[in-house]
K.L.:
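Got a structure for you, questions after.
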Amino acid sequence: MAASSNSSKSFMMAVVMVALVLVVAATVVDGQSCNAQLSGLNVCGEFVVPGADRTNPSAECCNALEAVPNECLCNTFRIASRLPSRCNIPTLSCS
């Protein structure tokens, strides 16, 4: 049963990652799209995927994250957190 639970969590994390990519186009701060800054976070992908071998981010990832305005990140997470209920799937509970 634990393997099924881990598999479900991995699937939901993958759904969230895809959702974040999808909401990039809709996220706007001060009239500017966050698209360019958020797309720079692609270099961090290998560090956030469940089961990743590498968990310490590279300097390139850290620089990309630092380049994203806080409000841009916060808006993206707010939008992404609403997606499960709008898709009629269980809401995420991360612990």
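Predicted model, so just to flag it, every value in this text is computed and none were measured.
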K.L.:
Are the side chain of N42 and the backbone of S39 linked by a donor-acceptor contact shorter than 3.5 Å?
P.N.:
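Checking the backbone N and O of S39 against the side chain of N42, a donor-acceptor pair under 3.5 Å is found.
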K.L.:
Side chains of C34 and N75: does their closest heavy-atom pair fall under 4.5 Å?
P.N.:
no
K.L.:
Check P90 against P84 and note the closest heavy-atom contact, atom names and distance.
P.N.:
O-CB, 3.6 Å
K.L.:
Does any non-hydrogen side-chain atom of T76 lie less than 4.5 Å from one of L73?
P.N.:
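No, their side chains stay 4.5 Å or more apart.
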K.L.:
In chain order, what residues pass the salt bridge (charged side-chain N to carboxylate O under 4.0 Å, His left out) check against E46, with sequence neighbours excluded?
P.N.:
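By the salt bridge (charged side-chain N to carboxylate O under 4.0 Å, His left out) rule, E46 matches R54.
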K.L.:
Give, for atom SG of C61 and atom CD of E66, the distance between the pair rounded to the nearest 0.5 Å.
P.N.:
11.5 Å
K.L.:
Please report the closest heavy-atom contact between S58 and F47, naming both atoms and the distance.
P.N.:
N-CZ, 3.3 Å
K.L.:
Would you give the length of the straight line joining atom CG of N63 to atom SG of C44, rounded to the nearest 0.5 angstrom?
P.N.:
9.5 Å
K.L.:
Please report the closest heavy-atom contact between V43 and A64, naming both atoms and the distance.
P.N.:
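Smallest interatomic distance, heavy atoms only, reads CG2-CB, 4.0 Å.
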K.L.:
What pair of heavy atoms forms the shortest contact from Q37 to P69, and how long is it?
P.N.:
CG-CD, 3.9 Å
